Each structure stands twice: as C-alpha cells, then as structure tokens.
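Step one of this worksheet: look at the structure below.
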Amino acid sequence: MSSTMEVQLIAIVVAAACALPGVFLVLRRMAMMSDAISHTVLLGIVLGYFVTRDLASPLLFVGAVATGVLTVSLVEMLTRTNLIKEDAAIGLVFPVLFSIAVILISRYAGNVHLDTDAVLLGELAFAPFDRITWGWLDLPRALLIGSITLVLNLLLIVLLYKELKLATFDVGLAATLGFSPVLVHYGLMTVVSITAVGAFDAVGSILVVALMVAPPAAAYLLTDRLSRMLGLSVVIAVLSAVLGYWFARWFNVAIAGSMAMMTGVAFLLAFLFAPARGIVALGVRRSRQRWEFAQQMLTLHLLNHEGTAEADDECSRNHLSHHLRWQPRFAATVIRLAEQGGLIQCDGMRLMLTDQGRRLAQEASLR
Amino acid sequence: MELFADYTLRMVALGSAMLGIVSGVLGCFAVLRRQALLGDAMSHAALPGIVVAFLLTGQRDPLILMLGAAGSAWLAALLLMSVTRTTRVKEDSSLALILAVFFGTGLVLLSWLQQRPDAAQAGLRSFLFGQAAAMVARDVQVMVALGVPTLVLVALFWKQFKVLTFDPEYAASLGLPVRGLSVLLTSLIIVAIVLGLQTVGVVLMSAMLVAPAAAARQWTDRLGVMIVLAGLFGASAGVVGALISATARGLATGPTIVLCLGVLTLVSFLFAPNRGLIWRYTRQAVPQV
C-alpha cells in the first residue's frame, strides 16, 4: 500500500471514530469538553513517559485516558463546590493541566520526540513510517489504533443505542428506568478520552475537536433522527478529512489544519443550504410568509368593507397604501400576487374578492 | 531590584503587568456573564488574523498584528452569535466549532507562510505559546496605548456594564441599549485577548481571563472589589510568570504564567474567608447553636 493511500486511510478511520462520540457531545451540550480533554491527555502521556521511559508503552495510553477522565471529574468537582460556574471551571482546569504538561516536556523531556507543535498539529504525514509488524500483519501504528477505536465506538453505539438515546434526550426518564446518568456521563467521557488519545497522536488536538464537533453539528442541521445524524456525521467527517488531505497536498500546507478547515466548510454549507434549517431556506420561508400574510390582510380588508357605503373608497387600488399603511410598490405587488392566486379580481381601480378570496378571509377572521 | 535594571526584564515586567490588569478586569465580566469559554474560542480564532495581517503588510509591527487578531476574533464572535441565534446548534458546539476551524485555518496559513523564502515570518510561531522575552519597548507602548483606553471605557460605562452583567432584563427595562452594550463589552474582551497573544500565546490566553476573576470572586461579593483584586492578581501572576520564563531556560511564557495563576486560584479556593473550602469545612465542624 502506498503511503498516500495509508495516510488517507488513517484520516478516514480517525475521522469516523471521532465523529461518532461527537454526536453525543453535541446533543448533550458538552462539546467544549472535547477541547479540554484533547489538550489534557498530553499530561497523561508525559507522566506515563516519565514512569516507563518508553514512548511506545501501552501505559502511556492508559495514563492519557485516565487524565482525560480526571479532567472531567475535576471540572465537576469544582462546579459542585459552587465556587465557580461550569464554564469557568473548564476554562480553568484544562489550561492549568496543559501548562504543566508543556513545562514538563520543555524542562525534562526536551530530547524526546514529544514536542508541543506535534500536539496541536499532529504528524499525519509521518504516520506511515511508524509501523507495527505482527506476524504477517504490517500496518502503520496510527491505522491500527484508529481502527480499534472505531470498532470499539461502533460496537458501543450499536450495543447501547437505546440506552444512549434515552439518556441523551430524556435524562429524567432514563434515571427513573434505572440507567444511572452518572454512569452514562462517565462512560461517554471515557469513550471520548480513548478516542482523543487514539487520534491525537496522528492528527493533533485541534483536529480532534474539529472532527468531534463540526460534522455532528452540520448533521444536526440536516436531520431529526439520531441514527441518520450518526451516519451523516461519519460521512461528513470522512469527506472533510479526504478533501482536507488533498487540499493540503495541492498547496503544500499543514494537513491537520486543512482538514479542520474543511470540517468548517462542511458546516458552513449545511448552515447556509440545509433544506429545512439552513439560512437560505429560512429566508425563503420568511419572505413567502410575509407575502402570504399580506395577501391575507388584503382579503380581510376587502371583506370588511364589502358592500358597505364606503366600499368605493376603501377598496380602491390607490387607497390601499393609505388604509393599510403599505408602500405603493409593496401594495402593487400584493395585488398582483393576490390576483394571480385567484383571491381577488380587479375592475379598473376597484378591487373585488373572488369566492376563494372570501373563503380565505373568513377562515383567517375565525382564527 | 537589580532584576529590574535589565532593559528586557523591565519591558517584560511592564508589559505583563499591563496585560494582567486588563485581562483581569475584563475577565470578571466574562466569568460573571458565563462567557468564560468565549475567551478561549476568540483567542484561538485570532490566529488566522495575525497571519493574514502579516501576509498583507509584510510587517511584524505589534499594532498591525493585533489589529489583524482583533479582526478575526471579531468575525468569530459575529459568526458565533449568528449560528447560535439562527440555528438549533447550541452555544457549546458553536464555540468548539469556531475555535477548531479558525485555529486550523490559522495553522494552514502559518504553514503556507513558512514556505516563503524570507525569514521575516520566523517569530509568528511564538504566538502559539507566547514569548515574553522577545518583548521590546514598541510592544509595551502598543499594549499601554490599547490597554489604558480599555480600562477608561470600563470606568465610563461602569454602571451600565454592572447592570448588564447581573440583570440584563432589568437593563433592558431601564431603556439601556443592551445589544450595543453587549457588543461593546465583547469588543473590550477581544482587546484584552489580543493584548496577551504575544505574551501568553493563543492556546492559553483564556486562562488569563478566567483565572484572576475566578480567584478574585472568592474574596468578595462586590463587583468593584472583585475587579480591583482580579487586576492585581492578573498583574502579579503576569509579572512573576513572565520574569521566571524570561530568566529560565526552556520555559514558554504562557504555561508559566498560567501555572502562577493556577496556584493563586487554588489558594483562593481553599483559604478565602466565607467562601473558601477550608473556611466552609471548619464552619461545618463547629456545632451550630
């Protein structure tokens, strides 16, 4: 397998693995936890290295996951003391833990291959050179770790789908049915930590955040079903990763950064063009409602004065802007639309309701 | 005081003190309005602006870079508001999203810049974790020129900001322009962030806003006292951290200042009268009459 292929495969696997737990982070309003965890796992890796003196030791992985969970519980502990609010607790805990890690690296591990740039950026381009050979198996380490996390996340979501869904959308009901919210919370956070640790070596902490949050947020605008949201998130994450990789290749720029940028583009597209919730769709719906409402007003006005003494005056084309306080051009458009829609008939200056228009006005007045 | 005779150290101390005061004061509003993480998102979002400002002008003048930083942080804040207001994506998701996407874009621009033959871009990387030792008189001048007007504005709008922070509905009922004041306050927070980028770095700047305010909150229930304390905490941690980092080998300034702040905050959480954990514990131990 060529190294280009391998890098893309790693990116695809990591993107899918991150997007899955990300869906629940977004739905449970804990997206910023991904930011905190993906930074603090560095401390676990550094401490694990000091104990084992071996960057390849599995203990580093365990240590990193443990620091991720520790971050979550520290934030909760601080919040529960009521000294500060949750957002301030997050904003306090992760910079401190991350700072400790950065200083430990620069003071005591300067000669080790563990630098802070790599933490933010990852080293996807070099990932194929770090290989694991095991019998006939010869794979990049990042691909193996990424695949394992992906399979683990998939399994957990398939097996615990109902429980996760319930605990996400109706905490109260979940608790009464006996699913401990604390257990679900910490379970999810452990999964997020494992995923972050598995991914961050290859793609860096910033891309972990981007992949965990942006694709699910985009999918959230596209669908109302949890299962579809999970699927869409994975598709969007994978597409962003591959496109980002080629963008980085073409312009010779940072791979992880360009993938993060692509997840942003994906969200922007969903934000603008999502069929029901996009900005464009919202704008179209709003302007349609505006014209529909104006036509309704017109029919109501005509019905009100139909057959009265002042009908000649009130129902004249030229007087609408005076009676309804409409701009002349706006009034002209409303009249044209209403006539096209068969709501009114024009007889020179005089406007008259059709049967359809009268029915609409009567319905509207009953509401 | 021999330490302060050194020109570089004097600059570093002055600059960090200014930064600590401004970010401490503005941080109080951010923390009380539950916008602590907004600072994190906006400081990350400043990175592409710094690089673009450099690309456009080719200069490393702090004022130009800060303007670029403020521009992209502003854009980020605007996007954040429009996403949370018009869609059902919640604030936490849009924060994380904007943070990661802007920062990623900044890294892309930075790596693109590094291919260029001129060496002028060399210092831009220090914006990630901050480098106080590189501070010169011009940096301090710019920091004072931006920081002092910011503090003056806070003093001028003191009452309005206070009521906006604690009771926005009441502020609206008084006929205050809540939206405009909110924008002004957010802009001032952006100024505080931008001031610190070169010293503390993009990644850890949020702690400069949150920690002094969180520490000061434990000692008092009055906004005025809290703000003065936060300014003091910010300034002292800034100066001490920056001096340690400027004199020791291999200590990036950002992490060092953040650790100083961390210690200060921990002490406040434990020992502050009335609210502190130890105070609370001893009071519980004494039987109530």
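Letters A, B, ... are given to chains in the order of the sequence lines, protein chains preceding strands, and every chain is numbered from 1. Everything numeric here is computed off the predicted structure, so don't read it as measured data.
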Handout entry: Name of the residue among B:Ile257, B:Leu204, B:Thr256 meeting side-chain contact (heavy atoms from CB on, under 4.5 Å) with A:Ser99
Key = B:Leu204
Handout entry: B:Leu109 portion near chain A, given a 4.5 angstrom heavy-atom threshold
Key = neither
Handout entry: chain B contact via A:Phe267 - which portion, at a heavy-atom distance below 4.5 Å
Key = side chain
Handout entry: Heavy-atom pair with the smallest gap, counting every atom of B:Ser206 and A:Gly91
Key = OG-O, 4.4 Å
Practice task
Using a cut-off of 6.0 Å, state whether more than 12 heavy atoms not belonging to B:Trp219 lie near its atom CH2.
Solution key: yes
Completion exercise
Output for pair (A:Ile84 CD1, B:Gln218 CD), nearest 0.5 Å, gives 7.0 Å
Handout entry: Residue pair B:Phe103, A:Val209: steps toward the side-chain contact (heavy atoms from CB on, under 4.5 Å) verdict
Key = CA-CA 11 Å; B:Phe103 193 66; A:Val209 178; over 6 Å; no
Fill in the blank from the handout: Cut-off 4.5 Å, heavy atoms of chain B, and the answer for A:Met33 is neither
Problem - From CG (B:Asp92) to CD (A:Glu86), nearest 0.5 Å - result: 9.5 Å
Completion exercise
So, the part of A:Leu25 with a heavy atom under 4.5 Å from chain B: the answer is backbone
Problem - Test item: A:Phe98 and B:Val203 side chains (from C-beta on) under 4.5 Å apart, heavy atoms - result: yes
Practice task
Evaluate the side-chain proximity of B:Thr87 to A:Tyr220: yes if any heavy-atom separation is below 4.5 Å, no if none is.
Solution key: no
Completion exercise
The interface call for B:Gln35 against chain A, heavy-atom contacts under 4.5 Å, is backbone
Problem - Closest contact, heavy atoms only, B:Ala96 versus A:Val213 - result: CB-CG2, 3.7 Å
Exercise for the section: Please flag which part of A:Ala88 lies under 4.5 Å from any non-hydrogen atom of chain B: side chain, backbone, both or neither. Expected result: both
Fill in the blank from the handout: Bottom line for A:Leu211: the part with an atom under 4.5 Å from chain B's heavy atoms is neither
Handout entry: Value rounded to 0.5 Å, distance of CZ in B:Phe269 from CG in A:Leu83
Key = 5.5 Å
Practice task
Under 4.5 Å heavy-atom distance to chain A, tell me which part of B:Thr265 shows up: side chain, backbone, both or neither.
Solution key: side chain
Problem - B:Lys90 atom NZ, over 12 foreign heavy atoms within 6.0 Å - result: yes
Exercise for the section: To the nearest 0.5 angstrom, please state how far the NE2 atom of B:His44 sits from the CD1 atom of A:Ile206. Expected result: 4.5 Å
Handout entry: A:Ile103 CD1 to B:Leu259 CG distance, which is reported to the nearest 0.5 Å
Key = 4.0 Å
Exercise for the section: Would you give the length of the straight line joining atom CG of B:Leu97 to atom CG of A:Asp35, rounded to the nearest 0.5 angstrom? Expected result: 12.0 Å
Fill in the blank from the handout: Heavy-atom closest pair (A:Ala217 atom, B:Val89 atom, distance to 0.1 Å) is O-CG2, 4.0 Å
Exercise for the section: Output yes when a side-chain donor or acceptor of B:Arg88 lies under 3.5 Å from a complementary backbone atom of A:Arg277, and no otherwise. Expected result: no
Practice task
Of all the heavy-atom pairs spanning B:Ser93 and A:Ala31, show the shortest one and how long it is.
Solution key: CA-CB, 3.6 Å
Practice task
Could you pull out the closest heavy-atom pair between A:Leu92 and B:Ala214, with the gap in Å?
Solution key: CD2-CB, 4.4 Å
Completion exercise
Most heavy-atom pairs under 4.5 Å with chain A, out of B:Leu79, B:Ile98, B:Leu251, belong to B:Leu251
Fill in the blank from the handout: Scanning both residues in full, the closest heavy-atom pair of A:Phe251 with B:Trp112 reads O-CD1, 3.8 Å
Practice task
Indicate yes or no: at least one non-hydrogen side-chain atom of B:Glu91 is less than 4.5 angstrom from one of A:Asp87.
Solution key: no
Practice task
Please look at B:Ser268 and chain A and tell me whether the side chain, the backbone, both or neither of the residue comes under 4.5 angstrom of a heavy atom of that chain.
Solution key: neither
Completion exercise
With chain B, the option among A:Met212, A:Met262, A:Lys85 that has the most non-hydrogen atom pairs under 4.5 Å is A:Lys85
Practice task
Specify which of B:Val210, B:Leu209, B:Leu261 makes the most heavy-atom pairs with chain A at under 4.5 Å.
Solution key: B:Val210
Problem - Under 4.5 Å from any heavy atom of chain B - which part of A:Leu282 - result: side chain
